[in-house]
Each structure stands twice: as structure tokens, then as C-alpha cells.
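Remember, it's a predicted structure, so these values are computed and weren't measured experimentally. Scope of the values below: all heavy atoms of this structure, side chains included, with no hydrogens, waters or symmetry mates.
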Amino acid sequence: MRMVDLIEKKRDGAVLTEEEIKFIIRGYTNDDIPDYQMSAWAMAVFFRGMTDEESAALTDAIVHSGDTIDLSAIEGVKVDKHSTGGVGDTTTLVLAPLVASAGVPVAKMSGRGLGHTGGTIDKLESIPGFSVEITNDRFIELVNRNKVAVIGQTADLTPADKKLYSLRDVTATVNSIPLIASSIMSKKLASGADAIVLDVKTGSGAFMKELEDAKELARTMVKIGNDLGRHTSAVISDMTQPLGFAIGNALEMKEAIDTLNGRGPKDLTELCLTLGSRMVLQAKKADSLEEARAMLEKVIEDGSALENLKTFVESQNGDKSVIDHPDRLPAARHTFEVKAKESGYVTGITADRIGTAAMVLGAGRATKQSEIDLAVGLVLRKKIGEKVEEGETLVTVHSNQENIEDCVNRIYESYTISAEKTEAPPLVYEVIDK
């Protein structure tokens with residue numbers, strides 16, 4: 001086989017075989033195929049696309065380019081959840097202890113964030129002492145005992161994806177649905193879960209801005225997962241505006257605690273119950289979504305979900321007292337109220353812009369080398385569809401800087417206030433199961 005022939009084949013719209021795709025991924029991982037040829041192939045895929053069979057073969061080849069995680073020592077059906085990202089996306093912090101409280105093993109491998117705020121690990125590390133630096137044996141032991149544990153992503157997982165993504169990033173081939181789907185699903189499949197629930201975001205704060213693109217990505221990932229033997233489903237959810245109220249690591253951790261206490265934002269609570277119900281159903285702990293949802297509502301009401309969070313935190317060396325006393329989480333030195341300049345109704349919040357407003361405070365990373373300030377961020381006081389009076393607070397800024405002019409300007413640019421009321425967008429657009 002020659003790489004130039006495979007580039008030409010895909011360029012002309014032909015279908016690559018499983019063996020040809022394995023040859024490409026193996027050769028690129030081993031440095032036998034140079035970047036310039038892989039770039040040409042990625043561009044051919046960008047324009048010609050891939051069949052479902054090609055996408056599954058590509059994903060499987062990337063999975064086996066490095067280590068895979070063996071979770072067979074964990075009892076029960078292991079269900080993983082993945083979000084395509086967004087602003088104020090606190091779902092994992094809620095879902096891990098919530099679903100575990102229903103008896104579903106949640107063996108979560110998470111990463112750090114690059115963008116508006118930190119990733120799941122950064123948010124958890126706002127709890128003093130919390131650590132994901134545990135051995136695989138300890139990780140499995142904790143999941144068997146407590147039904148939940150979180151560990152950092154291993155560097156040896158899907159090395160082909162790391163190389164290919166870096167190349168796509170500088171060759172204008174990131175926005176290709178087969179390449180996006182195989183990148184996401186390869187990491188999920190290599191992480192060892194038996195079933196996968198995907199939260200595919202759409203809207204201004206999402207990677208997929210348009211609903212039809214989000215549907216296509218969700219359909220492709222669900223097909224890949226099911227073709228490769230993992231029960232996979234996808235919930236397409238809104239990211240036109242931030243999820244919940246908090247944007248920032250310790251602030252989102254506090255919001256997760258409130259949600260497990262039954263006092264969280266309605267949209268965050270509803271999305272967690274929607275995703276969590278699918279996780280419980282796919283773990284075969286319930287016979288219907290209605291039964292699964294009732295189980296989750298019960299563990300919030302009786303306090304067992306919150307107790308599970310305490311156990312989870314303590315088992316990974318965190319200070320569990322912050323669960324009962326969230327004021328012990330890192331706090332910024334200053335708070336500022338950003339007030340509405342006019343009366344009316346909030347008709348739009350550009351999620352990616354307001355996310356950037358949090359990032360300039362230090363809540364997220366502009367580059368991989370950036371240091372995160374776990375204490376800073378934003379708390380939204382008004383969301384789409386709500387009435388606001390001139391002088392009323394739109395957003396509370398939590399900052400360790402006194403000069404927040406850039407942040408405030410971005411907040412004002414994010415909000416649209418009009419005389420006519422607009423209804424909030426739907427939280428969930430569609431569920432794709434097959």
C-alpha cells in the first residue's frame with residue numbers, strides 16, 4: 001500500500017477499506033507517513049466525507065493506536081458521559097455522584113480545560129486537597145466501593161488522535177464531522193466504558209453552532225459507538241446561552257453542590273436529570289426513563305446524592321467539609337455588579353462572548369500554559385426571557401483584579417435587551433438513540 005494512492009482514492013470520492021484506514025493511522029502514529037501526506041488526506045476527508053463504515057474503522061484504528069483502559073474488574077455496566085463543551089457546563093460535577101447514588105458505576109477519566117473555564121479536573125481541584133493522581137488499582141477500588149472516581153487522562157491514550165488533531169488545527173480541517181466524531185469517540189471507547197451518553201451542544205457557545213450540524217455529529221457518533229459494540233445515545237442540548245448561572249471553577253463547584261441539594265438552576269437540574277436518566281437506563285438499573293428519573297429525583301430529595309459527593313471527595317483526599325460549607329471554596333477578593341443600562345427583556349446572551357469575559361479574568365486558559373485562577377468568574381443574574389429594569393444587576397463579577405473594564409465591556413456586548421419578550425430556547429432539541 002502507498003499513502004499517495006490512498007490520498008488519491010479519497011480525493012476522488014472512493015470508499016477506503018478497513019485495512020487501508022488501519023495502514024494510514026498506524027503509519028502516521030509510527031512516523032512512517034509524513035505530515036504533508038496526512039494533511040492532504042485530512043483535506044480529502046474534509047471535502048469528500050466518510051461513510052459510516054469508514055468512520056467506525058477510523059475510530060477503531062485510533063483507539064488501538066495506544067493504550068486502552070480495562071475496566072472489567074469494576075462490577076456492573078460502566079456508563080460514561082461526554083459533553084462537546086460549552087459555557088457553564090457543570091453537568092459532570094453533578095452527574096458523577098448523582099448517577100453513582102443510583103448504583104451505576106461511574107469510572108470517569110477527565111481532562112483540564114482550554115477555553116472559557118477549566119475542565120472537570122480544574123473544577124474539582126477548587127476543593128482543597130482534591131487529587132486525581134491515583135493509581136489505576138486505586139481508581140478501580142474506589143469505583144467498586146463508592147461507585148464513583150475520577151482520574152486524569154493518560155498520555156498513552158489514543159496517540160494517533162493527538163497527532164492528527166494538532167495537524168487538523170493548523171490545516172483548516174478541524175470542522176469535519178467524521179474527523180470530529182472519530183476524535184471524540186476514540187477517547188471514549190479507549191477509556192473502557194460499556195455504554196456512552198453524549199451531550200452534544202448547539203448554539204453560540206457550542207462547537208456546533210447550527211442545529212443541523214449538531215444533529216449530524218450526534219448521529220455519526222451514536223452510529224460509531226453502536227457499530228463498535230457500545231450502547232451509545234446522544235442528547236442534543238442548547239448552548240445559545242450559558243448553562244446554569246455560574247461561569248468559573250469554584251463558582252461552578254458551588255452550583256453543583258446547590259444542584260445536588262435540590263436548589264440548583266432549573267436548566268442545569270433538568271439537563272442532569274435527562275442525561276442521568278439515560279445513564280441509569282443504559283446501565284440496566286431501570287426498565288424505563290421514567291423509572292430512572294424517579295430514582296435520581298429520590299436520591300436528591302433524601303440527601304444520598306450529596307452524601308455520595310462527600311464520600312467521593314474525601315476518598316480522593318479532598319476536604320469534604322466544603323460540601324456543607326461552600327464558602328470554604330476559593331473566593332475572589334472583589335465582586336462587582338454589572339448593571340443594565342436600559343429596561344426591557346433579555347432576548348439574547350451570546351454564550352461564547354460571555355465565556356470569554358470570564359476567561360479574561362483568569363477563569364480559563366487562553367493557551368495550554370496559562371495559569372487558572374480557580375476563584376474568579378461570573379454569576380449571571382438574568383437570562384433569556386427574563387424582565388430587567390435599568391440599574392438592575394445583569395451579572396456579578398468575581399475578580400482578583402480591580403481593573404475589569406475589558407470583562408465588563410464583553411458582558412455588555414453579550415447581552416441583548418429589547419422591549420419585546422422572547423421565550424428562552426428549548427433546553428433539549430432531540431435525543432438520538434439509534
Side-chain angles (χ1 to χ4, degrees), residues 71 73-83 89-110 120-121 123-132 134 138-152 193-195 197 199 244 250 252-265 268-286 291-326 328-329:
L71 300 180
I74 296 174
E75 300 161 9
V77 178
K78 282 73 69 179
V79 184
D80 200 358
K81 165 260 172 192
H82 175 80
S83 169
D89 187 9
T90 314
T91 50
T92 296
L93 301 179
V94 178
L95 278 170
L98 176 63
V99 173
S101 298
V104 176
V106 181
K108 189 73 182 151
M109 185 172 290
S110 294
T120 297
I121 288 178
K123 295 168 189 179
L124 285 167
E125 285 181 347
S126 67
I127 299 172
F130 189 93
S131 175
V132 295
I134 55 178
R138 174 69 172 159
F139 177 61
I140 288 169
E141 176 195 337
L142 289 177
V143 179
N144 274 328
R145 190 174 75 201
N146 304 328
K147 297 299 181 188
V148 60
V150 173
I151 195 171
D194 301 313
V197 176
D199 179 14
E252 289 183 45
M253 191 67 235
K254 181 181 183 301
E255 189 164 80
I257 294 167
D258 288 343
T259 303
L260 289 169
N261 255 317
R263 301 193 300 265
L268 176 60
T269 301
E270 178 59 30
L271 185 57
C272 287
L273 288 171
T274 299
L275 295 168
S277 296
R278 301 206 71 84
M279 293 173 74
V280 171
L281 181 66
Q282 288 176 215
K284 301 178 182 177
K285 289 288 183 180
E291 182 186 352
R293 186 184 179 100
M295 291 168 67
L296 297 179
E297 289 173 340
K298 181 177 183 296
V299 295
I300 291 175
E301 290 166 8
D302 67 19
S304 54
L306 197 69
E307 285 302 314
N308 188 281
L309 176 61
K310 292 179 188 176
T311 302
F312 162 47
V313 167
E314 185 178 37
S315 296
Q316 296 196 218
N317 301 317
D319 179 4
K320 70 172 183 178
S321 72
V322 303
I323 310 304
D324 290 324
H325 304 281
R328 295 177 184 172
L329 289 164

Under the side-chain contact (heavy atoms from CB on, under 4.5 Å) test, residues paired with E314 that sit two or more places apart: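 Scan of E314 (side-chain contact (heavy atoms from CB on, under 4.5 Å), adjacent residues dropped) gives K320.
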Can you find a heavy atom in the side chain of [X] that is under 4.5 Å from one in the side chain of [Y]?
X	Y	result
V104	K147	no
V79	D194	no
V280	V99	yes

[X] and [Y]: which non-hydrogen atoms are nearest, and at how many Å?
X	Y	answer
N308	N146	ND2-O, 3.4 Å
M253	S126	CB-OG, 3.7 Å
P97	A305	CB-O, 4.0 Å
E252	L93	O-CD1, 4.1 Å
A107	L71	CB-CD1, 4.0 Å
L260	I300	O-CG2, 3.7 Å

With distance as the sole criterion, is a donor-acceptor pair present between the side chains of T91 and K81 under 3.5 Å?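 A donor-acceptor contact under 3.5 Å links the two side chains.
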Regarding S83 and D89, is there a side-chain donor-to-acceptor distance under 3.5 Å anywhere?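 Indeed, the side chains of S83 and D89 share at least one donor-acceptor pair under 3.5 Å.
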Do [X] side-chain atoms and [Y] backbone N/O form a donor-acceptor pair below 3.5 Å?
X	Y	result
D302	S304	yes
S315	F312	no
K78	G76	yes
Q316	V150	yes
N144	A73	yes
K285	A102	no

Interatomic spacing from [atom1] in [X] to [atom2] in [Y] - rounded to 0.5 Å:
X	Y	atom1	atom2	answer
D199	R278	CG	CZ	12.0 Å
T120	M109	OG1	CE	13.0 Å
E297	T269	CD	OG1	10.5 Å
I127	L309	CD1	CG	6.0 Å
L273	L296	CG	CG	6.0 Å

Walk me through it: do L306 and I257 pass the test side chain to side chain contact (heavy atoms under 4.5 Å, CB included)? CA-CA 7 Å; L306 197 69; I257 294 167; 4.3 Å; yes
Who are the salt bridge (Lys or Arg N to Asp or Glu O under 4.0 Å) partners of R328, not counting sequence neighbours?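 Counting only residues at least two positions away or on another chain, R328 forms no salt bridge (Lys or Arg N to Asp or Glu O under 4.0 Å).
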Quick check on K254: does its NZ atom have over 12 non-hydrogen neighbours (other residues, nucleotides or ligands) under 6.0 Å away?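 Not more than 12 within 6.0 Å, no.
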Check this for me, if you would: do K310 and E307 make a salt bridge, where the nitrogen-to-carboxylate-oxygen distance has to be below 4.0 angstrom?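 Yes, K310 and E307 are salt-bridged.
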